[in-house]
Amino acid sequence: MQFDIRSGDIAKAKTPCLILGVFDKGRLSPSAAAVDKASGGALTALLGKGDLGDQAGSTLVAYDLPQIAAERVLLLGLGKRKAFTRGAYIKVLDAALKRLADMRVSDALCAIADLPRDIDPYHGARIALLRAAQAGYRYEHTKKPAREAAPALQRLDLWLAHKKDADAFALAAAHGRAIGAGVTLARELSDLPGNICTPTHLAERALELAERYDTLSTEILEEEDMRRLGMGALLSVSSGSRQPAKLIVMRHRGAGARKDAKPVVLVGKGLTFDAGGISIKPAEAMDEMKYDMAGGASVFGALLAACEMQLPLDVIGVVPASENLPGGAANKPGDIVTSLSGQTIEILNTDAEGRLILCDALTYVERFDPALVVDIATLTGACIVALGRHPSGLFTNDDDLAAEITAAGEDAADRVWRLPLWDDYQKQLDCNFADMANVGGRDGGAITAAAFLSRYTKAYPWAHLDIAGTAWLTGKEKGATGRPVPLLSELLIRRSGAAD
Ligand code: BES
Ligand code: MN
Ligand code: ZN
């Protein structure tokens, strides 16, 4: 996808399709008003016929307006001006992109990025470019899309209505491109099937990234290394699989990062297939457990985006990667393992494997003396029950960090919602034979999973994102979303000061 920032006289702007916003009751946005004036009131006359309607997201296309260079104008209903906030903006953007796709327009110029009331021009522009680029994502690795299903839109330019926004728009274009590349990588990795995207495949992809970017280095820990370190929890998950587990460590050291600054560490669950192990899952929708590495994929995506943006920041991405399968060597309910931290765990349900691989990775990253650790995991079905599929679940006992991540999610249009992580939940993990059980019963299942992880993250500021409901879409639209790469990228941008 190509993007450009354009300015000047909007009536003279040559484009196959000019997108103009119209608030309810036919109230023209400033750019629409300029086009209306130049065309001798053509838009007002057209809107007078009432075909656009007052709904946010309604569209109406007009051709050959007098004195207007654009081949066609797509009028886009924005709804009430007062209600034109982030949510409405995203809704109308998607409606416009859908209409462009239906018309198979290849090239458009969009003049609504500075209109939402509660978004600054940088984020408004970035969100538009990212959504346009992602609307063209097609999974192609094992299925060539039919020609008519191939995306038509090749270019979305943004109209710069106010000169003062020029720097913000230019930065948004650069960052939008980088984050888009990160989201695409996360989606591609996640959509790959478990027989192709194995832990070994992920490790190879991480090594490839290190070849592609000067600022990135990759190290792979093998099962022997993990055994030597004492990662008994992680290794018990991979023991039932013929695919060796990998612990993938990627580090972007951006030029200009303060030498003494502590790194930001992202840890992503990389279960390339989760059958549940001996506590096997039901067959229904089990294929979707290829997405159980989506947290790991989001770490790949965020690291790629950081490299592309050349963020002056030290970022470390750690992906414990494994399968979880039943078999003669698999771990069993009642097994007790010793984690890298020394704490013992009674495995009461082998399907609660994410926390087992994460706990050892979370202990491992203590060696980096992190400024912050965020783990990202498709950890619990209970999180989907609690929150549905709109926000990711956020867990942390650090209120400032909760505020920072929540705001980053809002700005990136990739939201989270915080759930409690009170000590009250800890006793659900008590058991008679080890320091803790790996499950805490049905009640508050997303929270007890986070409570388990909290026992391994005392050495640094920490937050946990449960992305079970947000990492992929089910049903007819089945496919990875690339979330929360936009949120993680925003967090890294903020930590680096790159958009200040
Ligand atoms: N990967 C799953 C969680 C999951 C399930 C994510 C469905 C998205 C959709 C995880 O490893 C798991 O199996 N969790 C169990 C935990 C339970 C055994 C305490 C779950 O959620 O059922
Ligand atoms: Mn599981
Ligand atoms: Zn899992």
Side-chain angles (χ1 to χ4, degrees), residues 190 194 197 199 202 233-234 236-241 243 245 267-298 319-327 330-335 345-361 375-393 395 419 425 428-429 431 436-453 464-475 478-481 483-484:
S190 299
C197 186
L202 285 177
L234 197 165
S236 82
V237 174
S238 72
S239 64
S241 160
Q243 294 289 340
V267 178
K269 175 177 173 183
L271 252 293
T272 59
F273 190 74
D274 178 15
I278 298 294
S279 314
I280 197 164
K281 288 182 180 295
E284 164 122 26
M286 204 208 268
D287 65 291
E288 295 183 12
M289 282 299 112
K290 72 174 182 178
Y291 290 119
D292 212 17
M293 38 60 72
S298 77
V319 180
S322 172
E323 293 184 325
N324 184 28
L325 296 179
N331 60 9
K332 306 173 291 299
D335 282 2
I345 304 163
E346 185 177 18
I347 302 174
L348 292 179
N349 187 322
T350 66
D351 197 10
E353 84 298 336
R355 61 199 81 181
L356 296 175
I357 66 165
L358 285 170
C359 71
D360 280 347
D375 80 74
I376 309 100
T378 47
L379 203 61
T380 64
C383 191
I384 313 179
V385 176
L387 295 175
R389 296 178 189 268
H390 302 290
S392 303
F395 303 81
L419 290 169
Y425 294 92
Q428 287 179 242
L429 298 173
C431 67
M436 70 200 77
N438 76 327
V439 291
R442 270 172 54 85
D443 295 354
I447 303 171
T448 51
F452 179 97
L453 297 179
H464 159 60
L465 295 173
D466 194 331
I467 60 166
T470 54
W472 74 92
L473 306 175
T474 60
K478 194 192 289 180
T481 60
R483 291 177 68 182

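Start at 1 and go down the list; that is how both ligands and their atoms are numbered. Every heavy atom of this structure was used, including side-chain atoms; hydrogens, water molecules and symmetry mates were not.
- For residue Asp292, no N/O/S atom approaches the Mn ion (ligand 2) to within less than 2.8 Å.
- With a 4.0 Å cut-off on non-hydrogen atoms, Val439 touches ligand 1 through its side chain and not its backbone.
- With values rounded to the nearest 0.5 angstrom, Thr380 atom OG1 is found 13.5 Å from Phe452 atom CZ.
- Closest protein heavy atom to atom 15 (C) of ligand 1: Asp351 O, 4.0 Å.
- Contact annotation for atom 21 (O) of ligand 1: protein present (non-hydrogen atoms, distance under 4.0 Å).
- Ligand-side atoms of ligand 1 in range of Glu353: 11 (O), range being under 4.0 angstrom from any heavy atom.
- The atoms of ligand 1 that sit less than 4.0 Å from any heavy atom of Thr378 are 1 (N), 2 (C), 3 (C), 6 (C).
- Heavy atoms only, all atoms of each residue included: Leu271 and Glu323 are closest at CD1-C, 3.7 Å.
- By the 3.5 Å distance cut-off applied to N or O atoms, Thr380 is not counted among the residues near ligand 1.
- When Asp466, Asp292, Ile384, Thr470 are checked for heavy-atom proximity to atom 1 (N) of ligand 1, Asp292 turns out nearest.
- Using a 4.0 Å cut-off to heavy atoms of Lys269, the atoms of ligand 1 that qualify are 1 (N), 10 (C), 11 (O).
- Rounded to 10 degrees, the OE1-metal-OD1 angle spanning Glu353 and Asp351 at the Mn ion (ligand 2) equals 120°.
- Its N, O or S atom nearest to the Mn ion (ligand 2) is what matters here, and for Asp274 that atom is OD2.
- For the Zn ion (ligand 3), the N/O/S atoms of Asp274 include one lying under 2.8 Å.
- Protein heavy atom at the shortest distance from atom 6 (C) of ligand 1 is Ala468 CB, 3.6 Å.
- Using modelled atom types and a 3.5 Å distance limit, the side chains of Thr350 and Asn331 yield no donor-acceptor pair.
- With a 4.5 Å cut-off on side-chain heavy atoms, Ser190 and Met293 count as touching.
- When all heavy atoms are compared, the tightest approach of Ala386 to Leu419 is CB-CD1, 4.5 Å.
- Put simply, OG on Ser236 and CG on Leu356 are 5.0 Å apart, with the number rounded to the nearest 0.5 Å.
- At a heavy-atom distance under 4.0 Å, only side-chain atoms of Trp472, from C-beta outward, approach ligand 1.
- Residue-level proximity to ligand 1 for Leu271 is absent, since no heavy atom of it falls below 4.0 angstrom.
- Where the criterion is an N or O separation shorter than 3.5 Å, residue side chain and backbone included, Arg355 fails it with respect to ligand 1.
- Counting heavy atoms from C-beta on, the side chains of Thr474 and Glu288 come closer than 4.5 Å.
- The protein heavy-atom contact nearest to atom 2 (C) of ligand 1 is Asp274 OD2, 3.6 Å.
- Between Asn349 and ligand 1, not a single N/O pair is under 3.5 Å apart.
- To the nearest 0.5 angstrom, Tyr291 atom OH is 12.5 Å from Ile467 atom CD1.
- Distances from ligand 1 to the non-hydrogen atoms of Met289 include at least one value under 4.0 Å.
- Some N or O of Gly381 is nearer than 3.5 Å to an N or O of ligand 1, by distance alone.
- Protein heavy atom in closest approach to atom 10 (C) of ligand 1: Leu379 O, 3.3 Å.
- The side-chain heavy atoms of Pro484 and Ile376, taken from C-beta on, include a pair separated by under 4.5 Å.
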Exercise. Could you give me the CA-CA distance, side-chain angles and deciding distance for Asp292 and Lys269, then say whether salt bridge (Lys or Arg N to Asp or Glu O under 4.0 Å) is met?
Key: CA-CA 7 Å; Asp292 212 17; Lys269 175 177 173 183; 3.1 Å; yes
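- Rounded to the nearest 0.5 Å, atoms CD (Glu353) and CG (Asp274) are 3.5 Å apart.
- Taking the N/O/S atoms of Glu353 in turn, the shortest distance to the Zn ion (ligand 3) belongs to OE2.
- Counting heavy atoms from C-beta on, the side chains of Ile447 and Gln428 never come closer than 4.5 Å.
- The residue Met293 has no part lying near ligand 1, judged by heavy-atom distances below 4.0 Å.
- Summarising the geometry of Ala437 relative to Leu348, their closest heavy-atom pair is CB-CD1, 3.7 Å, with the distance given to 0.1 Å.
- Between Gly270 and Ile357, the closest heavy-atom pair is N-CD1, 4.1 Å.
- Here the side chains of Lys281 and Asp351 are in contact, with some heavy-atom distance below 4.5 Å.
- The Zn ion (ligand 3) has an N, O or S atom of Lys269 under 2.8 Å away, backbone or side chain.
- Nearest to the Zn ion (ligand 3), among the N, O or S atoms that Asp292 has, is OD2.
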